[in-house]
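Heads up: the structure comes next, in structure tokens.
Remember, predicted model here, so these are calculated numbers, not experimental data. Just so we're on the same page: letters track the sequence lines, and every chain starts at 1.
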Protein chains: 4
Amino acid sequence: MATPSTPAPRSAPNPDRRSERARQAILDAALELCGEQLYAGLTMEGIAKRAGVGKQTIYRWWPSKAAILLEAIEERGRSTLDFPDTGNLEADLRTQMTQVAQAFASPMFAAYSKGLIAAAQSDPDIAKAVVETIINPRVDLCRERLSKAQSAGELREDIDLADLVELLYAPLYYRLLLHTRPVTNDQVDTILNLALNGAAQDKK
Amino acid sequence: MATPSTPAPRSAPNPDRRSERARQAILDAALELCGEQLYAGLTMEGIAKRAGVGKQTIYRWWPSKAAILLEAIEERGRSTLDFPDTGNLEADLRTQMTQVAQAFASPMFAAYSKGLIAAAQSDPDIAKAVVETIINPRVDLCRERLSKAQSAGELREDIDLADLVELLYAPLYYRLLLHTRPVTNDQVDTILNLALNGAAQDKK
Amino acid sequence: MATPSTPAPRSAPNPDRRSERARQAILDAALELCGEQLYAGLTMEGIAKRAGVGKQTIYRWWPSKAAILLEAIEERGRSTLDFPDTGNLEADLRTQMTQVAQAFASPMFAAYSKGLIAAAQSDPDIAKAVVETIINPRVDLCRERLSKAQSAGELREDIDLADLVELLYAPLYYRLLLHTRPVTNDQVDTILNLALNGAAQDKK
Amino acid sequence: MATPSTPAPRSAPNPDRRSERARQAILDAALELCGEQLYAGLTMEGIAKRAGVGKQTIYRWWPSKAAILLEAIEERGRSTLDFPDTGNLEADLRTQMTQVAQAFASPMFAAYSKGLIAAAQSDPDIAKAVVETIINPRVDLCRERLSKAQSAGELREDIDLADLVELLYAPLYYRLLLHTRPVTNDQVDTILNLALNGAAQDKK
DNA sequence: GCCTAATCGAGACGGTACGTCCAGTCTTTGG
DNA sequence: CCAAAGACTGGACGTACCGTCTCGATTAGGC
């Protein structure tokens with residue numbers, strides 16, 4: 001007889017009886033409102049009203065509004081999970097990174113950045129969830145592609161691929177979150193040029 | 001009856017009569033509270049009570065709590081504005097970037113990141129102010145140092161220095177804001193190695 | 001095509017299939033909860049949980065929680081319906097009124113007073129039901145006894161017996177509902193003395 | 001150095017700074033709403049909205065909606081505090097009791113009965129306050145008048161005047177709260193006739 | 001003695017009001 | 001006139017119940 005793995009903090013609701021209609025309406029409302037106004041103006045009451053749903057129904061299934069956004073993005077944002085492999089590393093990276101750069105300009109990723117990452121600064125649980133469900137899967141896919149390239153002799157043997165992934169994508173997040181300059185396709189070219197070839201003058 | 005020269009939208013306060021004691025107490029209280037708890041738990045009422053100050057005194061001089069933090073950091077955080085020039089570019093960058101990496105771990109920069117940058121996602125004014133008063137001055141100093149190196153033939157001629165600054169510092173912000181891994185001194189070495197020398201295998 | 005004889009506003013439940021177990025459990029739970037806490041803290045959800053019953057089962061058979069109490073009291077509280085006739089009017093009244101006075105102190109009558117009468121102030125249906133099922137039967141019995149006494153020449157011919165019943169029992173309700181003094185057996189003696197003999201000095 | 005007499009449960013508000021405008025608006029709104037609908041439909045939120053007041057302002061000064069009604073009635077309902085003394089006891093009682101009987105039909109006393117007395121069944125504090133601020137002052141005035149009559153030989157020496165007050169007024173409350181028959185002026189005559197002269201046949 | 005339909009326990013649903021907390025404004029008092 | 005104090009309107013918070021609705025799982029009556 002196995003002990004239940006979930007401790008059921010407060011008479012856990014039964015997911016089988018969950019209303020899919022309400023769930024979708026809540027995710028839709030959250031994304032819409034986050035697109036229309038800024039994340040700080042996003043309220044549980046607003047989501048409930050827009051979704052035509054009781055507040056309790058939200059609190060029954062999600063611990064916070066950030067958790068709603070997380071689920072919404074995880075469910076609807078699977079498009080940036082593709083990673084091509086044409087044999088040409090630089091071209092493949094350009095394809096994928098351009099896709100990310102364009103996503104950063106879409107309303108849904110506005111919700112992502114303005115909402116989740118901001119909330120993550122004040123809530124370690126959100127931070128953990130963002131890393132695990134959003135960041136890591138994409139990082140892993142990128143690292144696999146890089147690993148093939150390293151095996152093929154296209155990349156130096158002595159570099160850590162996780163560090164290289166960081167170097168490639170960090171500048172996109174930098175502009176997104178610090179609002180210095182807009183994220184563009186040109187930026188991707190620049191990053192690839194610098195990261196692959198290095199900034200130093202060839203010693204020859 | 002003379003019209004006052006300043007239109008005074010609503011009885012503009014006179015800075016000459018401002019109480020420096022109250023101003024310092026408010027900045028102190030804001031930083032202390034931001035260090036003790038998360039930014040989301042930082043309230044105007046809490047700052048006023050901690051500072052022994054009326055709420056009106058805060059609203060008279062600052063438009064938001066983020067503005068308070070901004071002023072606090074601008075006033076107390078001038079240390080990371082130094083930029084060395086020993087003639088060795090990589091060493092100088094390592095010195096400065098290590099300094100930044102260590103600042104990211106200090107309580108005051110917790111306030112900076114968790115507070116200001118999060119708030120900037122929901123408030124364009126804050127975003128603008130952060131870039132102008134915090135980011136740009138440091139970027140400019142870095143770019144000047146890089147410019148000397150470029151003139152000295154240490155860096156490729158064809159690269160944009162603003163892009164290089166981004167490439168160097170973005171990974172630090174990436175870890176800070178996305179909470180993937182802690183920011184360490186080792187990270188600085190890795191960034192410099194990759195960014196200066198490139199990840200690609202030497203074509204010989 | 002025959003119209004059903006009962007219009008069945010919304011699928012009227014069939015009393016033949018009613019679960020007597022559930023009915024008793026609900027009445028018990030309602031009385032217990034009303035005894036343990038104040039009427040204001042009595043909830044449909046609490047009754048359902050205590051009775052181990054679905055909420056719908058309650059709503060199917062009763063329109064309100066006051067209706068539950070009413071049925072509970074009507075079913076279990078038939079004891080105060082006895083009215084003695086020993087030939088001595090004052091003694092018989094003392095017997096019956098003392099019984100009522102003691103009932104007012106019992107937990108079940110706490111439910112009666114604190115629950116039903118309070119609810120009756122906000123719900124005319126409850127008020128009507130209380131009068132018809134609880135008050136009137138007892139008033140009628142008392143009036144019959146008084147009528148015999150009037151015929152026997154023990155009471156004045158010119159008085160309305162309904163008014164006299166009121167005069168006798170009203171002071172018990174007065175203390176019960178206004179919480180001025182506790183209802184005691186002594187009060188019964190005092191009432192009988194005053195109501196039968198009058199407060200005025202004999203003119204003699 | 002004196003210890004403050006009030007323990008100040010939670011940073012007690014300063015009554016000197018209280019807004020009389022808000023206070024009157026709240027009392028008005030409570031009485032109006034209680035007159036329009038039944039007490040059970042009276043909500044703090046409704047009062048706040050009608051009064052144009054924040055909910056906090058209500059909770060700052062009153063512990064419950066019953067407390068609001070109590071203050072409203074105490075402040076506006078001083079009219080039934082008069083007690084005549086013409087030398088004719090029965091006439092004076094008739095005057096006063098008729099006044100009370102008529103008050104029981106007015107909207108404000110609907111609030112009184114349907115609200116306060118119902119609430120008193122579930123809240124001992126309310127019950128205590130009702131007795132002390134509403135009931136007792138009026139009972140005392142009546143008892144004084146009866147006392148004069150007793151000294152003047154109009155009433156029997158052996159009766160407790162508090163009991164007589166109860167006997168006189170209880171039937172009015174009986175009809176009011178139990179909703180058996182409406183309270184009328186005729187009822188007052190009946191009560192006086194019975195209570196003063198007694199129901200028993202003169203033994204002569 | 002099945003079969004079928006209603007009732008049952010259970011609880012998720014859209015709502016309303018609760019009582020609290022904080023935002024941002026207004027008012028009072030004192031320096 | 002500024003500062004402190006804090007009461008004010010307003011609105012979102014997260015909770016508790018309301019009364020309705022929707023699920024299987026009994027469970028009883030009519031066949």
Letter per nucleotide, 5' to 3', of nucleotides 25-31 of chain F [B base touched, S only sugar-phosphate touched, - untouched; heavy atoms, 4.0 Å]: ---BS--
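- Within the nucleic acid shown, C:R23 has no heavy atom closer than 4.0 Å to any nucleic acid atom.
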Residues D:I68, D:L27; criterion side-chain contact (heavy atoms from CB on, under 4.5 Å); working and verdict: CA-CA 6 Å; D:I68 302 173; D:L27 297 184; 3.9 Å; yes
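- Comparing B:R21 and C:T43 against DNA chain F, the residue whose closest nucleotide sits nearer the 5' end is B:R21.
- Counting distance only, with no hydrogens placed and no angle test, the side-chain atoms of B:Q56 and the base atoms of E:dC26 include a donor-acceptor pair under 3.5 Å.
- Remark: C1' of E:dG15 and CD of A:E45 are 12 Å apart, rounded to the nearest angstrom.
- Counting to the nearest Å, the P atom of E:dG19 and the CD1 atom of D:I47 are 11 Å from each other.
- Across residues 24-35 of chain B, not one residue has a non-hydrogen atom less than 4.0 Å from an atom of DNA chain E.
- Looking at heavy-atom distances under 4.0 Å, A:G46 makes no contact with the nucleic acid at all.
- Remark: D:A48 engages D:K55, D:I58 in a side chain to side chain contact (heavy atoms under 4.5 Å, CB included) (not counting sequence neighbours).
- Once rounded to the nearest 0.5 Å, the distance linking CD of C:E74 with CG of C:L69 reads 12.5 Å.
- Following rounding to the nearest Å, A:M44 (CE) and F:dG11 (C1') show an atom-to-atom distance of 16 Å.
- One donor-acceptor pair, N or O on each side, does fall under 3.5 Å between the base of E:dG24 and the side chain of B:K55.
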Which donor-acceptor pairs under 3.5 Å do side chains of residues 115-122 of chain C form with protein atoms, sequence neighbours excluded?
unit_1 : atom_1 : unit_2 : atom_2 : d
C:Q121 : NE2    : C:I117 : O      : 2.9
C:Q121 : NE2    : D:L177 : O      : 2.9
C:S122 : OG     : D:A40  : N      : 3.0

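- Among residue pairs with one or both ends in residues 28-41 of chain B, those qualifying as side-chain hydrogen bond (donor to acceptor under 3.5 Å, both in side chains) are B:D28-B:R76, B:E32-B:R50, B:E36-B:R50; sequence neighbours excluded.
- Residues passing the side chain to side chain contact (heavy atoms under 4.5 Å, CB included) test with C:R17, sequence neighbours excluded: C:N14.
- Taken from CD1 in D:I126 to OG in D:S64, the straight-line distance is 4.0 Å, to the nearest 0.5 Å.
- Every residue two or more places apart in sequence or in another chain that forms a side chain to side chain contact (heavy atoms under 4.5 Å, CB included) with D:A129 is listed here: D:L70.
- The NZ atom of D:K49 sits 12 Å away from the P atom of E:dC18 (whole-angstrom rounding).
- The CZ atom of D:R50 sits 16 Å away from the P atom of F:dT9 (whole-angstrom rounding).
- Atom CZ of A:R18 is separated from atom P of E:dG11 by 17 Å (rounded to the nearest Å).
- Annotation: of the two residues near DNA chain F, D:A51 and C:L42, the 5′-most nearest-nucleotide partner is D:A51.
- Pairs engaging residues 57-68 of chain D under the salt bridge (charged side-chain N to carboxylate O under 4.0 Å, His left out) rule: none recorded [sequence neighbours left out].
- Remark: A:Q56 engages no residue in a side-chain hydrogen bond (donor to acceptor under 3.5 Å, both in side chains) (not counting sequence neighbours).
- Of all the residues in residues 57-67 of chain B, B:T57, B:R60, B:W61 reach under 4.0 Å from DNA chain F with at least one non-hydrogen atom.
- By the side chain to side chain contact (heavy atoms under 4.5 Å, CB included) test, B:A51 is found to be paired with B:A25, B:I26, B:A29, B:V53, residues two or more places apart in sequence or in another chain being considered.
- With sequence neighbours excluded, the residues that form a side-chain hydrogen bond (donor to acceptor under 3.5 Å, both in side chains) with A:W62 are A:E71.
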